[in-house]
**Student:** 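First the structure, which I've put down as structure tokens, then a few questions once you've had a look.
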Amino acid sequence: MKNRNEALDSYWRIGEPMVWISATALALTLLSAATLLIVIMVNGLGVFWPSDIEKVHLKDRPPVFGQLIRTEENAEKTGLRRQYKIANRDLYGLDFRWIDESQIDETQRPADLIVLERVEHGDFYGRLKTMTGPHTETSAVDLAGLNSALEKTTVELDQLSELEDKLSDASYRLEQLRLKQLKLDYDNAPVDTAAQSQLQRDKAELDREFGALITLQTRRLAEVRKAKAIFVDAAGQEKEISLVDIFQAYAPNTMSTGDKVVFYLHKLAELFIGEPRESNTEGGLFPAIFGTVMLIFVMSLFSFPLGVIAAIYLREYAKEGVVVRIVRIAVNNLAGIPSIVYGIFGLGFFVYGIGHGIDMLFFPERTPTPTFGTGGLLWASLTLALLTVPVVIVSTEEALGAIPREMREGSYALGATKFQTLYRVLLPMTSPGIMTGLILAMARAAGEVAPLMITGVVKLAPALPIDGNFPFLHLDRKFMHLGFHIYDIGFQSPNVEAAKPMVFVTTLLLVLIVLLMSSVAIGLRNRMKKRYTFGTF
Amino acid sequence: MTDYKPANPVLEVQDLRFYYGDSRAIHGVDITFPEKQVTALIGPSGCGKSTLLRCFNRMNDLIDISRVEGKVLLDGQNIYDKSTDIIELRRQVGMVFQKSNPFPKSIYENVIYGLRIAGEKDKALFDERVETSLRGAALWDEVKDRLHDSALGLSGGQMQRLCIARAIAVNPKVILMDEPCSALDPKSTARVEELIGELRKNFTIIIVTHNMQQAARVSDNTAFLFEGNLIEYGPTDQLFVKPQNKQTEDYITGRFG
Amino acid sequence: MNAAFLKKVKRNDQLARWVITVGGMAIIFSVIFILVLIAKVSLPLFLAPKAQLQQVVQLDRANEQIVTFGHDEYMETAYRLLDDGTTVFFNLEDGSEIDRFEPDPPAEGLTPLTVESFGRLRQAIGWSDGQLTVSQVRFKPFFDINNNNQRRIDHEIIPLALFPTPADGIPLISQARIDEEGRQTRVNRYPGNHLTLQVREVSENFLGDEEITETETTLSFNSSGTLTTLILSAAGQHLYAGTDRGELLRWYLSDTEEPKLIETVQAFADQRSITALNLVLGDVSLAVGDETGQVSTWFPVRDEMGDKKLKRIHTLSQHNGAVQKILPSPQDKSVISLGPNKLILDLMTSERFLLAFGEEEGLIDFRLSTRGDSILALTKEGRLLSWKLDIPHPEISLGTLFGKVWYEGYDEPVYAWQSSSASDDYEPKLSLAPLIFGTLKGTFYAMLFAVPLAIFGAIYTSQFARPRLREWIKPAVEVMAAIPTVIIGFLAALWLAPLIERSLGGVFLSLILLPAALMLSILAWQGARKIEPLKRLERGFEFLAIAPIIILTIAIAAACGPGLENLFFAGDLKQWLFTEMGTRYDPRNCIIIAFAMGFAVIPITFTIAEDSLSNVPNSLKAASLALGASRWQTVWRVILPSASPGIFAGTMIGFGRAVGETMIVLMATGNTAIMDLSIFNGMRPLSANIAVEIPEAPVDGSLYRTLFLSAVILFVMTFVVNTIAEIVRQRLRAKYGKF
């Protein structure tokens, strides 16, 4: 029976504490991962919840309407202070304000306090005073009346947006004419041919059409803008706002939990299908989501066949020896090259090399404006394809290697060629593995930012890569991307505090997408591993 | 004694030497296999019997560093001739492996695999061949109601019989069997041995086995190999009862191997 | 089975073999191709400069005396000013005359006495009565629409200023400068070290009329020698002079009433005569040529007393005889000097000898074009030779890329990266040293945090944790690896950094409390494990038990942090750090980087290490345990050595990842290119630098190619690390068995 000290001593000597230390290491790792996810969820999920807005009565200053963001110790450490979002950026110059608790008399939640989401300048907190102009005559001066007036102006705006579609179509056709003209000039075509004069006629007609549309649009927009409402803030300051500038109006203090849930879901839908506003810090993510999806799609078109072919070569065709060993080292290195090096390669080779070459060959009349000689969807996809090819190669190779030799021999013994064996027996069996690699590659594409920043992703793309104009898929266009969105809004916004909610929401979305894809891929792979290691063949 | 020459040879091996890189694994084997009979190749582990077997359908070609010298005549034609079509060869000389290896496809698809890769498309032909082959492999009754189920759902013995069905579906001349029962339980082994007895009515069978009793039960002729050399070859009942070579006798009586 | 089908099948097989082999090899060689291409873009940085002789024109020495000359950017037209005041424009290709401009003296019958050419084809002509005119030759290229858009060059002479005769009479030598705001400066030199200054200020009064103020002062100085050379700065604000006793003098002329002699310095202890002076582009550095043939550059540097004194900074080429003339390049910081038998081009900043040409031609004078890429030189036999210069990237050399450089305005040579600034005459500072340092620093701190956590975590997961739990832990960590680094960077910068900054005390407290809590827990466990249900924790659930303890400890540390700061550090740890330790606390610093990059690296190292630990055959583990070893002893003595190849490989690969990481550092550091080991400030690594700089870098310029060079360095670093990992893994595999 050892005494207590001896037992302790041997406990140390046999190294048990080291087990606890290694447990701590694992716990720390998992805890930090959990913390990251929790922070994202907590901050991201709450963004769209319509919180109550308080009327804060101050001791010796006029009252303010504000949404409580957080409370913390004040700078002098004499008590607490609260951060309120006071909105009304165009009135106050700033969105947020720190107020010491000692300055606060009391807070109320007035029921008639309306929150406006606006097209410009962010949110507005205030009370409705009056409404004037078309569509407002029959409406009562309250939230319901405001919303019915807004509905009517929305109908007008929808009609206007049809007009806008016609306008953008006309402007696109004008642009095509301009480019045609450029080409003719470049080729030094004689100025008086039939083609040239037809071009002039077309241009003149389009100009007329365009002009007429513009006039119509301006007139109708001016008309609609006449519908206005006057709001008052907590201190009594008035602000006149055109109804067309109001995206949405609601009174959070009067909303029940059910109402708020509906509102939340509504905002969630808007996130997916809406366009961004206010330099990406508000509105929807549709272009970014679309751009990311397009990128993944085009990239997979390249990395999938390239990766699978390379893996098949490595496993089935290459002769064992120095060559294959070097090749394996090369593939491993391909996986370890920093993504920014791929980016700079893409810039130097694809954009300024091949892209420039294409411009010189096919679009020389457009110089110096680059068409393919600048970043775009195609080059970004190719760059990422190179980056993710090793992932596909490794997964495919692993899957191919897991197939027992007997499977191949059985096929050969029946008189099949190598190619027949590949596509009838082997490739079907490796499809989960290939799928795993592909999904992992796609997850990478959604999350990589550095190489994309320099090969074609932009803050705000003027158009989507797919539209109704020939050739329908515009590989030379710049596009938007969820990962870049996060970087851009978080770090290149003039107003970081106001942008933070949007960044968290985008981060949450991206994290969920990536986690989902990775989990599916890893799950697939683990299931496959089980099948092959304990399989009956 | 290696100069036993049975009648009606279908496969004739002349001075076959096999090399792995620089080392020789089979040293000059001469042997003749008679038509529609079962010949067993026996010997201790590592004596080269599997290697020899795989020379007969040129499966050893899959090994980069392998080299063959000598001749193997199938119906008089040297299969190692430059003009030989390996694909055609493998259709004529089928193989069943030690570890049964059905493809992860349906039973039906497994059986007609050999036909599909030959370009056949006729569904009627497929149906007919499936039934014939599965009957021939004594598997038809067990699986006729689930032809389109996955082959991986079969038991070990059934899978091996499926592999046999697959092999006979292309009507080969010779069927090579590389220790086909070593992964099976005794009951399945018995069924397969029974099957072999039936098959020899239509096919020439060459079977490698480390189980001497099996060789004695199943084969008409037996060849004993040791360290890459053919030590003795003769009708089974002769070899087992009165082996002419001391090594053969030692092996049969269990003194080594 | 039909023969046609068989043929087709075989053909497909061959085709497939061909396609797959080619495709496979292509992908593989793309690795090499990437490196080759990037290197190819960066190689021109080191291309040798070239000068090509273009034309030789023989002038008529008998009938013409040339006073000054010049040429246009395209090396097509040139002009020469003769001693009677005529300006002749001629074709540089064949010497044929294009036209003549009659002399235009300020008064009848005057002839040019002295001429100084300066700036962009400007000349200050001192006339025979002491007046001085400043004029400029302007070449105007245009595209002739009527003639197939061919380029033609028109030329004109524009008068800019007129100075009256100075009070002291006709000077020996005059120099003049005109600035943008209407200030005209003229310096006159008389025999016996007598210098005067004339300043004319032309301005518009509120009525819109021109007002001219003229002042004349004497510039006095003390010197044991005689003045040999003078140079005025471009705007006429500074005057430099050299003497035949090796002295340099410097005046500040901005205050027209009282020009100040700032300093007289004995530049050369051996009192060698100063034979040529000029100001390098930007007017900060002074280029000095002396009688021994040495060319050097100087600028004012703070000395021990805090005064700025002229100091020799760069020593350039050596001629084998007195330097006759120095001209600065109008494009960059290069200096062209004319010696007894040739022209030498040096780049000042990198002290790089670029070109020497014109040997044995007997050159007596030379001019640069306004673009600085061609030189026109006159021989003593009256021939004009023109050279085209091809100098890609003169400011780049291995010295400027990797060594300390003494940049203008700095007090000593430094490593600096600063790629641009607002002004055109900026001296680019493209040293890769701070960037490489930044990469290594970030990687170091990240690995410091990540490697222990990853390896110990892997040991626990594969050896001690419950197998069922292991099935969850492994995928969880793998999925952690998939989290985009942009998200990690964002959280690090916008959530973690403010948090740590606010509660720095708490952070340090937790660093102390955590190990202490761990120790306490282990000790407490001695007692607790006697209780049977708790003892079962030991069979693989330890990490679950320790998690709440960790959380609790951190919470306590966070709560007590402020109190601690109040107690020991007068309420502000950051302030204390600055005043007591001299380290400045940067809100975005390497503590954040260590956490963030560590977070990104841990899953990679963890996965590889865990895989290799688990692949050690169970039989080894069983054998050790059967011999009576404890589970930790088994791990330490048997399993770790066997798994060491994989663990090493995992560490190396994690290292490679940290080296190349871009987004996290881009967002979570201050991106300042400093070389400071402190964990409290940031850095700028190669990767983030590329991302930040390349969008604005002019294609094929020095910055662009230098960025590609840094990509090559990154590539090589990761390549080396990955290959070492692979080789060590193979070696150790042979040594410890096939795992």
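Labels below follow one simple rule: chain letters A, B, ... track the order of the sequence lines, proteins then strands, and each chain is numbered from 1.
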**Student:** If I measure from the heavy atoms of chain A, does C/Arg502 come under 4.5 Å with its side chain, its backbone, both, or neither?
**Tutor:** side chain

**Student:** Give every donor-acceptor pair under 3.5 Å between a side-chain atom in residues 444-451 of chain A and any protein atom, sequence neighbours left out.
**Tutor:**
from	atom 1	to	atom 2	distance (Å)
A/Arg444	NE	A/Glu448	OE2	3.3
A/Arg444	NH2	A/Glu448	OE2	3.2
A/Glu448	OE1	A/Ser339	OG	3.4

**Student:** Not counting sequence neighbours, which residues clear side-chain hydrogen bond (donor to acceptor under 3.5 Å, both in side chains) with C/Lys10? List them please.
**Tutor:** B/Asp85

**Student:** What's the separation between atom CZ in C/Phe715 and atom CZ in A/Phe345, rounded to the nearest 0.5 Å?
**Tutor:** 10.0 Å

**Student:** Looking at A/Phe419, is its backbone amide N or carbonyl O close enough to the side chain of C/Asp13 to form a donor-acceptor pair, meaning the two atoms are under 3.5 Å apart?
**Tutor:** yes

**Student:** Tell me, for A/Leu440 versus chain C, whether the close heavy atoms (under 4.5 Å) come from the side chain, the backbone, both or neither.
**Tutor:** neither

**Student:** So which part of C/Phe595 gets closer than 4.5 Å to some heavy atom of chain A, the side chain, the backbone, both or neither?
**Tutor:** neither

**Student:** What part of A/Leu36 is in contact with chain C, defined as an atom under 4.5 angstrom from a non-hydrogen atom: side chain, backbone, both or neither?
**Tutor:** both

**Student:** What's the spacing between C/Ile694 CD1 and A/Leu347 CG if we round to 0.5 Å?
**Tutor:** 5.5 Å

**Student:** At a heavy-atom separation under 4.5 Å, does C/Leu494 approach chain A through its side chain, its backbone, both, or neither?
**Tutor:** both

**Student:** Using non-hydrogen atoms and a 4.5 Å limit, figure out which bit of C/Ile653 sits close to chain A: side chain, backbone, both or neither.
**Tutor:** neither

**Student:** Counting only heavy atoms closer than 4.5 Å, note whether C/Leu666 contacts chain A via side chain, backbone, both or neither.
**Tutor:** side chain

**Student:** So which of C/Thr718, C/Val486, C/Leu15, C/Ile20 has the biggest tally of heavy-atom pairs under 4.5 Å with chain A?
**Tutor:** C/Ile20

**Student:** Flag the one option from C/Thr662, C/Leu714, C/Ile34 with the top tally of heavy-atom pairs under 4.5 Å to chain A.
**Tutor:** C/Ile34

**Student:** A/Val39 versus chain C, heavy atoms under 4.5 Å apart: side chain, backbone, both or neither?
**Tutor:** side chain

**Student:** Contact part of C/Met480 toward chain A, heavy-atom cut-off under 4.5 Å: side chain, backbone, both or neither?
**Tutor:** side chain

**Student:** Are C/Leu491 and A/Phe504 packed together at the side-chain level, in the sense that at least one heavy-atom pair is separated by less than 4.5 angstrom?
**Tutor:** yes

**Student:** For a side-chain contact (heavy atoms from CB on, under 4.5 Å) with A/Leu26, tell me which candidate from C/Ile473, C/Leu469, C/Ile459 qualifies.
**Tutor:** C/Ile473

**Student:** Find the distance between CZ (C/Arg17) and CD1 (A/Ile312) and round it off to the nearest 0.5 Å.
**Tutor:** 12.5 Å

**Student:** Under a 4.5 Å heavy-atom cut-off, does chain C meet the side chain of A/Thr506, its backbone, both or neither?
**Tutor:** neither

**Student:** So for A/Leu306, is it side chain, backbone, both, or neither that comes closer than 4.5 Å to the heavy atoms of chain C?
**Tutor:** both

**Student:** Between A/Phe491 and C/Phe490, is the ring centre distance below 6.0 Å?
**Tutor:** no

